[in-house]
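Working notes for the structure below.
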Amino acid sequence: MTSFNSICKEHQAFRRLRSITLAVHIETPFQTWTIDVTELLSTAPLEILQIYATTPTPKVVIADDFWKTIVHYVTYVLEQLFVVTTRHNLDDVTRCFATAHNLRAIHVNFYREVDETEERSMMKDALRIVQQCSATVTQIGCDTRVWHVRRDVRMNDKTELYTVPTLTSYENPDIPEQFLVARGA
């Protein structure tokens, strides 16, 4: 991939790349993959970044350094982020992409963990993510659930106004692309 990276940088191949979907295979040397992908995307003004694992497993955990570096490159243009992580790694991953200033939609797929698929748990995770991100986030999803983010204005004891994010039902009739399933005939 090193030669591919060099060619792309030399020809500024990704200078207009706005969206990319990547999948990581479980047998991929993961540290090498993250370094190569970081280098490859370093000049891309990404608005949409989707990363999936071909076989969701906790063995494929994307390191914080990867997220910090990628978000550093696209802090002002990234609008949609779709990631795969584990619940125990969620706060670390969220801190990495919470600095994205224009992030509107976040979707997190969790590796299947025993007894962790309860909707209430997913909603708590989603709210935890939104509370750490900028006020530009309007949609949050965890696994197969999606919520609209509403900001309620409140007043503290000093009569200062502040907002509190709350999650409401996702009522958009459009099905997000990530939930569309292709079936063979």
Qualifying residue, where the test is side chain to side chain contact (heavy atoms under 4.5 Å, CB included) with L17 and the options are T43, L40, L46: L46
Polar side-chain atom of T136 near backbone of R104 as donor-acceptor pair, under 3.5 Å: no
Sidechain-backbone polar pair: N5 side chain, D36 backbone, donor-acceptor under 3.5 Å: yes
Listed partners of H101 passing ring pair (Phe, Tyr, Trp, His ring centres under 6.0 Å), at least two apart: Y76
So which atom in [X] and which in [Y] form the shortest heavy-atom distance, rounded to 0.1 Å?
| X | Y | result |
| --- | --- | --- |
| T166 | L127 | CA-CD1, 4.5 Å |
| V164 | R154 | CG2-NH1, 3.6 Å |
| T168 | R150 | CG2-NH1, 3.5 Å |
| I106 | C133 | CD1-SG, 3.7 Å |
| L161 | V153 | CD2-CG1, 4.1 Å |
| N156 | Y162 | N-CE2, 3.6 Å |

Residues, nucleotides or ligands: over 12 heavy atoms within 6.0 Å of Q131 CD: yes
Exceeds 12 heavy-atom contacts within 6.0 angstrom, atom CZ of R15: yes
Do [X] and [Y] have side-chain heavy atoms sitting under 4.5 Å apart?
| X | Y | result |
| --- | --- | --- |
| S42 | F14 | no |
| E47 | S19 | no |
| L90 | V108 | yes |
| T94 | R128 | no |
| V137 | Q132 | no |
| L49 | V74 | no |
| K9 | E39 | yes |
| L167 | V149 | yes |

D143/R145 ion pair, N-O < 4.0 Å: no
Got a second to check how far [X]'s [atom1] is from [Y]'s [atom2], nearest 0.5 Å?
| X | Y | atom1 | atom2 | answer |
| --- | --- | --- | --- | --- |
| L41 | T69 | CG | OG1 | 11.5 Å |
| L22 | F82 | CG | CZ | 13.5 Å |
| H107 | L81 | NE2 | CG | 11.0 Å |
| Y170 | Q139 | OH | CD | 4.5 Å |
| D152 | T163 | CG | OG1 | 9.0 Å |
| I51 | I70 | CD1 | CD1 | 6.5 Å |

Whether W33 and F66 hold their rings parallel, tilted or perpendicular, with breakpoints at 30° and 60°: tilted
Linked, directly or transitively: I35 and V71 (ILVMFWY side chains, under 4.5 Å): no
